[in-house]
Amino acid sequence: MLDLHCHILPGLDDGSKTLDEALSMCRVAAGDGIHTIVATPHRGSFAADTTAAQVLEGIKKLKKALRQKHIAIDILPGHEIHISEDLINDIDHDQALTINHKKKYILLELPFRSVPFYVFETIAQLKKMGITPIIAHPERNDQIQTDKHLMKNLVKAGALTQITGGSLTGELGAVVQRTAVVFIKKGLVHVIASDAHSIDHPPKLSPYVEEAAKIVGEKQAKALVGDNPRKIVLGLSF
Ligand SMILES: [Fe+2]
């Protein structure tokens, strides 16, 4: 399995605090059957504004420590990029990282409450650059929860979507759970990721694949943590 959204790099944002904590999180991930984690520290968010250089340096250090400790996890570069009017410029200047440097996909964060009016314009601009935005945990956004057509329209506009595993099991509340289940049923979900920030909620995916399998069957559920994120890190089309 591949975890496409994880705050694994220590000391950069509100994710893991120390290298030891990051290594412990990786151990849990490996034990759960995850072999690849995309490091996605916050970019342009109130939580943090990490630079590309910080992410790449952090990955280098973590990979070295993983090798020394014989933990079989690969770490790939990324950013959880908060939507803003600077986004395109940021990507153009390699300040906001596309997933695995492929310039094909980015992980896009929306505000928790609302969806900015210019989101469709941003999606269109990204698509013109050959980049597909993957909307991070839309099931947690107030406006997407209440406006039934918004999610469908975002996907129609060309976005992919990533839900957080814990949303499916109710760890993030009943409304979030209900929303995630409906989206999965309607085929509006492309990836399940952990969005793990600490060893208290470490990167695990298997419990959520099991939950998703009850809704869409095993084959489709497995694709959400296997085939689909694999295509994304390789920069392949859907
Ligand atoms: Fe996140």
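Every number for a ligand or one of its atoms is a count from 1 in the order of the listing.
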Closest approach to the Fe ion (ligand 1) by [X], given as the N, O or S atom name:
{"X": "Asp195", "value": "OD1"}
{"X": "Glu80", "value": "OE1"}
{"X": "His7", "value": "NE2"}

Quiz item: Just wondering, is there an N, O or S atom on His197 that's nearer than 2.8 Å to the Fe ion (ligand 1)?
Solution: no

Quiz item: Just wondering, is there an N, O or S atom on Glu109 that's nearer than 2.8 Å to the Fe ion (ligand 1)?
Solution: no

Quiz prompt | Donor-acceptor under 3.5 Å (Asp32 side chain, Leu205 main chain) | solution = yes

Quiz item: Distance-only, no hydrogens or angles: does the Glu109 side chain make a donor-acceptor pair with backbone N or O of Glu80 under 3.5 Å?
Solution: no

Practice problem: Go through the steps to decide whether Glu21 and Ser198 satisfy the test side-chain contact (heavy atoms from CB on, under 4.5 Å), and finish with yes or no. | Solution: CA-CA 7 Å; Glu21 185 178 19; Ser198 73; 3.3 Å; yes

Quiz item: What distance do Ile215 atom CD1 and Lys185 atom NZ have between them, rounded to the nearest 0.5 Å?
Solution: 7.0 Å

Self-check item: Plane angle bin for Phe238 and Tyr105 - parallel if under 30°, tilted between 30 and 60°, otherwise perpendicular
Solution: perpendicular

